[in-house]
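Computed over heavy atoms, backbone and side chain alike; hydrogens, waters and symmetry mates excluded. In this chain, numbering begins with 1 at the start of the sequence shown.
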Amino acid sequence: MADLDPTLHALADAFSIATDYWDWQGRHTTVSPTTLVAVLAALGVDASTPESAAAALAQQELAPWRRLLPACRAVREGGTATVPVHAPEGGTLELWVELEVGGRRDVALPAQAGSTRQVDGRPVAELEVALPADLPLGYHRLCARTGAAQAEMTLIVTPQRLALPARLAAQGWGVAAQLYSVRSQQSWGVGDLADLEDLAVWAAAEHGADFVLVNPLHAAEPVPPMEPSPYLPTTRRFTNPLYLRLERVPEYATAADEQRRQVDALRAAALPPAPDGQGAAPIDRNRAWAAKRAALEVVFDAGRTPGRERAFQAYRAREGRGLQDFATWAVLAEQQGTEVGGWDERYRHPSSPAVAEFAARHAREVEFQCWLQWLLDEQLAAAQQAGLRAGMALGIMHDLAVGVHPAGADAWSLQDDYARGITVGAPPDPYNQNGQNWSQPPWRPDRLAETAYAPFRSMVSTILRHAGGIRVDHVIGLFRLWWIPAGQGPTEGTYVRYDHEAMIGILALEAHRAEALVVGEDLGTVEPWVRDHLRDRGILGTSILWFEFDWEGDGKPLPPQRWRELCLASVTTHDLPPTAAYLAGDHVRLRDRLGVLTRPLAEELAAAQEERRAWCDELVRAGLMSEGAGEEEMIVALHRFLTRTPSRLLCVALTDLVGDRQAQNQPGTTDEYPNWRVPLTGPAGDPLSLEDVLTSPRAAGLAEVFHR
């Protein structure tokens, strides 16, 4: 490919757009001009001709000189940092910091300006102003005044390093569960927050667990068909009311007898049909939600006590515009359909007068959606407190999906902050040689800065309000994301960088305030310095046993003493099959049936057998099992192997605790496999209830491996 036009190259650099990269085979690749022009257009920059690109570059170079202060700045507590200030040359200048908790700190000016430049016919001086080194953690405002002009910017002071919670032992452990699959005899066909509470109490009280890690609980569509993947939500800030335990809602307890009879009848309609002997039927979210939503309407109409009403209104006031927009979107989606592109034109932007009029006309329906989120907030708090009271060091660890549905609530309410005509994905790698398109819109880095990261801050703080930890899916996305222009394939994208100092810093600050920890899913293609940065900031990485080989040495399983300390270590994860299936090669045969293998079945089975043999040899060598051990003994030995690593957090999948063999998700498929709809089952494929788990000798035996 010919060299890029220097102006287009410089313009892309100015907007943190990669013009080249190294692919998974070590080849240097130059990004096409077509991709760069499309990505720039998504940021509101016209580079369609050499002339427009040159004009845009000139404007971008002048942009910081035309404002007193930058949009936003994140710095570390106790560190030395400066902020560029651009003021008219020769004028007076005053700078001060207004602290988040109140109070003012004056900021000294440098003895002399750095450089000057003619901007719009007047000389402007640039000053590098040193910030006070002892500013407290928090969201402050740096203010500037010169003559009649005044400006302010958000100054975010973040922890140098996020400390692990003091209550966490040298090596903590927990259970990972896909909550929708964990169904009790009291739930409505889908696992719910009361089931999560019971699972947490059992794990802590009987087996000394420190946390339960759950799949993302983000909200899905308010009407069927409901997206089954918890990693493609409509919003990442609010929660899916499918997870409510209706009988624990106080308004249900005070409802009239007739209303409670209506609810009980609806619950019967939500339950799945009896097993037909052909194995466990897939989880039917649509059936469960249709019945539960109707029942929630009945309970909503029962009314609230005066005290409950005041608490509800306080919640609405605290959540503010974000909750109102989400609730309005949900009502619009119920009436206009879940595809915003099909809505009445007047409703396609949240700030339009028509949307405000719609919300006023449908105040009851909007209030109902807000009420659902309030109930979820209460039940999330109850689950967290129950886990802590039972002895957990962390409680519930929530999962943050990498993005949102392109037609969902966030894509509508925060549309000015998302890039249009772009989806996020991944370039080709050894596992997906055609690349990936996740169909999710990316945040615009420039808009995040202009809003002082308000959408990101509110999302993280909401999730951490009732949590002891957060797992960030594809944490590398806080550093850079692979942007794919509409109409192009995954191979025709490029990386766009984000201000990781700000995003990782905010993540650490919010976790510090919540006394929680952060786990980053840092698997796959990762620049080496990124893992170093995360470690230095106190963000834990992720280590999956099946991927831990000495790739730079003898190629054998990595000895336990060489595993990372600051990480969450597990044998498997939600994108891999349960360990029993992995050991038997079931995952290979499944992929063959689904047509997603890249090599002949015999080759894949041989590779799987070789991997199993390598781990058998390692476990025997370490004295963790005997030669020729059976499946269950090897599963126990693999998990005991984790306890010999220095990893601070260890995790066991609930599927492994009970001997489940069914994968929750098969990457590379959509309708070919019931992804994210697989109920919890036993070794023979029979459905298991939560009550079965709590009385399972197999589950108790594996849990005791970690109970020290």
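Of the charged side-chain nitrogens involved, at least one lies within less than 4.0 Å of a carboxylate oxygen, so that Glu319 and Arg465 count as a salt-bridged pair. A salt bridge links Arg245 with Asp195: the closest approach of a Lys/Arg side-chain nitrogen to an acidic carboxylate oxygen falls below 4.0 angstrom. By the 4.0 Å N-to-carboxylate-O rule, Asp536 lies too far from Arg76 to be salt-bridged with it. Comment: Glu672 does not engage Arg591 in a salt bridge, judged by the lack of any side-chain N to carboxylate O separation of less than 4.0 angstrom. Contact check on Asp522 versus Arg564 returns a salt bridge, with a Lys/Arg side-chain nitrogen under 4.0 Å from an Asp/Glu carboxylate oxygen.
Counting heavy atoms from C-beta on, the side chains of Leu217 and Leu380 come closer than 4.5 Å. Between Pro560 and Phe641, the closest side-chain pair of non-hydrogen atoms falls below 4.5 Å. Here the side chains of Lys292 and Tyr243 are not in contact, with every heavy-atom distance at 4.5 Å or above. Using a 4.5 Å heavy-atom cutoff, the side chains of Pro165 and Leu394 are in contact. Residues Arg287 and Pro224 fail the side-chain proximity criterion, which asks for heavy atoms closer than 4.5 Å. At least one side-chain heavy atom of Val175 sits under 4.5 Å from a side-chain heavy atom of Trp173. Using a 4.5 Å heavy-atom cutoff, the side chains of Arg698 and Val658 are not in contact. A heavy-atom distance below 4.5 Å is found between the side chains of Leu558 and Trp563.
Minimum heavy-atom separation, Val424 to Pro441: CG2-C, 4.2 Å. For Arg236 against Ala401, the heavy-atom pair with the smallest separation is NH1-O, 2.7 Å. Pairing each heavy atom of Ala407 with each of Ala411, the nearest pair is N-CB, 4.5 Å. When every heavy atom of Gln664 is checked against every heavy atom of Val678, the shortest pair comes out as NE2-O, 3.0 Å. Closest heavy-atom contact between Pro159 and Leu137: N-CD2, 3.4 Å. Taking every heavy atom of both residues into account, Trp371 and Leu296 meet most closely at CZ3-O, 3.5 Å.
Atoms CZ and NE2, from Arg237 and His218 in turn, are 13.5 Å apart once rounded to the nearest 0.5 Å. Here CD1 of Ile156 is found 10.5 Å from CE of Met503. Values are rounded to the nearest 0.5 Å. The NE2 atom of His398 sits 8.0 Å away from atom CD1 of Ile463, with the distance rounded to the nearest 0.5 Å. For the atom pair CG of Leu650 and SG of Cys567, the computed distance is 8.0 Å after rounding to the nearest 0.5 Å. Between Ile506 atom CD1 and Glu510 atom CD the span is 8.0 Å, to the nearest 0.5 Å. Expressed to the nearest 0.5 Å, how far OG1 of Thr645 lies from CZ of Arg562 amounts to 13.5 Å.
Just one residue in the list Val652, Ile635, Asp660, Leu545 forms a side-chain contact (heavy atoms from CB on, under 4.5 Å) with Thr579, and that residue is Ile635. None of Leu566, Ile470, Thr542 except one satisfies the side-chain contact (heavy atoms from CB on, under 4.5 Å) rule with Val519; the exception is Thr542. Screening Leu576, Asp575, Leu594 for a side-chain contact (heavy atoms from CB on, under 4.5 Å) with Gln666, the sole residue that qualifies is Leu594.
The aromatic rings of Trp202 and His207 sit perpendicular to each other, their planes meeting at more than 60°, with 30° as the lower class boundary. Using bins of under 30°, 30° to 60° and over 60° for the plane-to-plane angle, the ring pair Trp529/His533 lands in the perpendicular bin. Ring pair His574/Trp676 is tilted by interplanar angle, where 30° to 60° counts as tilted. Ring geometry for Trp546 against Trp615 counts as perpendicular: the plane angle is over 60°, on a 0 to 90° scale with 30° as the lower cut.
Side chain of Glu565 to backbone of Arg648: no donor-acceptor contact under 3.5 angstrom is found. At distances below 3.5 Å, at least one donor-acceptor pair connects side-chain atoms of Arg644 with backbone N or O atoms of Ala622. Looking at Trp482, its side chain never comes within 3.5 Å of a backbone N or O of Asn437 through a donor-acceptor pair. Looking only at distances, a side-chain donor or acceptor of Glu521 sits under 3.5 Å from a matching main-chain atom of Leu523. A donor-acceptor pair under 3.5 Å is absent between the side-chain atoms of Ser696 and the main chain of Asp692, judged by distance alone. When atom types are taken as modelled, the side chain of Glu227 and the backbone of Thr234 share no donor-acceptor pair closer than 3.5 angstrom. In this structure a side-chain-to-backbone donor-acceptor pair under 3.5 Å is present from Thr572 to Pro577.
Using modelled atom types, one finds a donor on one side chain and an acceptor on the other under 3.5 Å when comparing Asn675 with Thr669. A donor and an acceptor atom, one from each side chain of Tyr582 and Glu611, are located under 3.5 Å apart.
With a 6.0 Å radius and a threshold of 12 heavy atoms from other residues, nucleotides or ligands, Glu527 has its CD atom above the threshold.
The side-chain tip of Arg285 points at the ring of Tyr180 from less than 6.0 angstrom away and within 45° of straight on.
Separation of the His474 and Trp438 ring centroids falls under the 6.0 Å cut-off.
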